[in-house]
J.: 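Supplied in structure tokens, the structure appears directly below.
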Amino acid sequence: MLPVNQAESIILDLIHPLDSQLDSESIDLSAATGRILASPVTSQLDFPHWDNSAMDGYAVRYADVQSANEQQPISLELVEEIPAGYQPQKTIKPGQAARIFTGACMPQGADTVVMQEHTKRQDNRVLILQAPKPQGFVRHQASFYRAGESLLESGIQLGAPEIAVLAAAQCTELTVYRRPKVAILSTGNELVTPYQLLQPGQIVDSNQYALTAWVTLCGGIPKVQGIVRDKPDALKQAIAQAILAADIVLSTGGVSVGDYDYVDEILAQLDAEIHIRSVAVKPGKPLTVATFPPPSQGNKKGSSHPVLYFGLPGNPVSALVSCWRFVQPVMKKLSGLPMQRWKPRFINAISRSELKSDGRRESYLWGQLQLVEGKYEFKLAGGSHSSGNLINLAQTTGLAVLPVGQTLIPAGEMVQVVSVCF
């Protein structure tokens, strides 16, 4: 069995990010949420587009009002009202001002805005009761961003703030990395779908649905291969098809040492190089990791990368924990995210529960990672922490780590937690 850190290092060295040229596609802004930029974005617009007011008030010449105070207010003639979206028509001359609203264009001649709370209106004149700061409350053209400069760098995942920036900058066509394709297959004679009547000795294949959802949430495209029976020929055909369809293959079951566990033998027949057969981790010890030579260029999968294969344990908890701990960083690295984003995220948190393990392997206990009054806390999921107990895995946001040799972390003590959020 390999130590966890060694297994992680081997796995991450096996995968290379998608190529920004060969593995990219052009999409419309409306379809860009969650995608990862494959090339930098620039805009032809300045931000702000023009000098504008940051406050409701009066656009003035600073030279006219620099000495104003309540004892000696300065009276200015109002020559124009400028709401947002209106192009000013007048030039502000000495002794003049314009009523202006937040976001409206500054008129020619004016260089400062006096907030309305420091003024008093008198018909077509305004009294300035307090001297403003020079160029106060004026947002100058290009002070936020200058046209032609880099707006967003490649490797950025597009969320709501980035989409807002791109929309405002009128960047409507974007070059993004294609989504990684992930083939998913479940092995076992005992498996049935959720739509079949359950017979004695049978198990519903929850792994297929869990991994499909997980891949989708990670930004990948799941290629569901369904249930494959424990027959060598059927398994070989299914894995061979999966290799052609995907960048990564996730199979569950069939990687242990039982009489019907054929996967390792089949991988060898398909010219795979097996790098890992088991990891000193609980849950998830029987983990097979292999690579296949790049498929032929005619499969239209994208650029020619070796296909990475994960033979995951069949127990549903073990399968998901293995994905969170070992496959998630691979998905991030492959997707084009920068290194600081694809490395596993460990967070120091206060355990609100007593945590126990046998100490023989690095152990992961699942539960909720929460930020409480500025400090992270970990709450252990209730019920049995068995790799076959899927029920209490719901709402998991973190995995508490108990290193080899550590059997107890008392409640109230610090614990390292792996964040499982993509």
Side-chain angles (χ1 to χ4, degrees), residues 1-15 182 184-188 207 210-211 214-215 218 239 248-258 261-268 272-292 306-334 342-346 355-367 385-390 393 396 398-407 409 415-420:
M1 290 187 294
L2 289 176
V4 171
N5 289 342
Q6 185 178 347
E8 176 190 86
S9 179
I10 291 172
I11 290 168
L12 287 175
D13 284 344
L14 293 173
I15 198 74
V182 183
I184 300 167
L185 56 99
S186 303
T187 69
N207 284 335
L211 298 184
W214 180 79
V215 168
C218 287
I239 294 174
I248 297 172
V249 178
L250 303 179
S251 75
T252 55
V255 294
S256 188
V257 291
D261 294 336
Y262 304 117
V263 171
D264 277 15
E265 178 183 344
I266 290 168
L267 295 180
E273 182 179 355
I274 299 178
H275 304 273
I276 297 173
R277 285 186 168 85
S278 65
V279 181
V281 64
K282 183 179 181 179
K285 180 180 74 171
L287 175 67
T288 296
V289 180
T291 50
F292 292 92
V307 176
L308 187 58
Y309 175 90
F310 287 91
L312 305 174
N315 282 327
V317 173
S318 299
L320 269 176
V321 169
S322 296
C323 281
W324 284 327
R325 185 61 184 89
F326 297 111
V327 188
Q328 186 158 299
V330 167
M331 288 288 290
K332 291 181 177 182
K333 183 176 181 180
L334 180 65
W342 52 256
K343 284 287 188 179
R345 186 182 178 206
F346 290 89
L355 308 177
K356 295 180 179 181
S357 81
D358 59 19
R360 291 194 292 269
R361 288 176 277 160
E362 185 166 302
S363 298
Y364 296 102
L365 300 175
W366 49 96
H385 274 249
S386 161
S387 60
N389 180 16
L390 182 62
L393 200 63
T396 292
L399 302 173
V401 183
L402 276 74
V404 175
Q406 186 164 13
T407 59
I409 295 178
V415 62
Q416 272 206 325
V417 182
V418 181
S419 171
V420 303

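Values below: every heavy atom of this structure, side chains too, minus hydrogens, waters and symmetry copies. One-based numbering along the sequence shown.
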J.: Among pairs that include at least one residue of residues 312-321, which meet salt bridge (Lys or Arg N to Asp or Glu O under 4.0 Å), considering only residues two or more places apart or in two chains?
T.: none
J.: Quick one: are Pro344 and Glu8 in side-chain contact, heavy atoms under 4.5 Å?
T.: yes
J.: Distance check, rounded to the nearest 0.5 Å: Leu267 atom CG versus Arg277 atom CZ?
T.: 9.0 Å
J.: Which heavy atom of Leu250 sits nearest a heavy atom of Cys323, and at what distance?
T.: CD1-SG, 4.3 Å
J.: Kindly compute the distance separating CG (Asn315) from CG (Leu390), expressed to the nearest 0.5 Å.
T.: 10.0 Å
J.: Does the Ser357 side chain pair with the main chain of Gln406, one donor and one acceptor, at a distance under 3.5 Å?
T.: yes
J.: Would you check if Leu334 and Trp342 make a side-chain contact, meaning some heavy-atom pair closer than 4.5 Å?
T.: no
J.: Walk me through whether Phe292 and Val249 qualify under side chain to side chain contact (heavy atoms under 4.5 Å, CB included).
T.: CA-CA 10 Å; Phe292 292 92; Val249 178; 5.7 Å; no
J.: Locate the shortest heavy-atom distance separating Gln328 from Ser419; write the atom from each residue and the value.
T.: NE2-O, 4.2 Å
J.: For the residue pair Val4 and Tyr364, establish whether any side-chain heavy-atom pair is separated by less than 4.5 Å.
T.: yes
J.: Which heavy atom in Thr252 sits nearest to a heavy atom in Pro313, and how many Å separate them?
T.: CB-O, 3.9 Å
J.: Taking all heavy atoms of Ala7 and all of Val279, pick out the closest pair and write down the distance.
T.: CB-CG2, 3.8 Å
J.: Are any side-chain N or O atoms of Ser322 and backbone N or O atoms of Ser318, one a donor and one an acceptor, separated by less than 3.5 Å?
T.: yes
J.: Using every non-hydrogen atom in the two residues, find where Pro329 and Trp324 come nearest and quote the distance to one decimal.
T.: CD-O, 4.1 Å
J.: How many angstroms lie between CG in Leu365 and CG in Leu402, if you round to the nearest 0.5 Å?
T.: 5.5 Å
J.: Below 4.5 Å, heavy atoms only, C-beta onward: do Phe346 and Val418 meet side chain to side chain?
T.: yes
J.: So do Val281 and Arg325 actually touch side chain to side chain, heavy atoms under 4.5 Å?
T.: no
J.: Any chance you could measure Met331, atom CE, to Ile15, atom CD1, to the nearest 0.5 Å?
T.: 10.0 Å
J.: Looking at side-chain heavy atoms only, is the closest gap between Leu312 and Leu287 below 4.5 Å?
T.: yes
J.: About how many Å separate CD1 of Ile276 and CG of Leu14, when rounded to the nearest 0.5 Å?
T.: 7.0 Å
J.: Would you say the side chain of Thr288 lies within less than 4.5 Å of the side chain of Phe310, judging by non-hydrogen atoms?
T.: no
J.: I'd like to check Val417 versus Val401 (side-chain heavy atoms, cut-off strictly below 4.5 Å). Are they in contact?
T.: no
J.: Measure the spacing between OG of Ser363 and NZ of Lys356 and express it to the nearest 0.5 Å.
T.: 13.5 Å
J.: Holding to side-chain hydrogen bond (donor to acceptor under 3.5 Å, both in side chains), I want the full list of residues that pass it with Thr396, two or more places apart in sequence or in another chain.
T.: none
J.: Quick one: ring-ring contact (aromatic ring centres under 6.0 Å, His included) partners of His385, sequence neighbours excluded?
T.: Trp366
J.: Between Val215 and Ile184, what is the shortest heavy-atom contact and its length?
T.: CG2-CD1, 4.1 Å
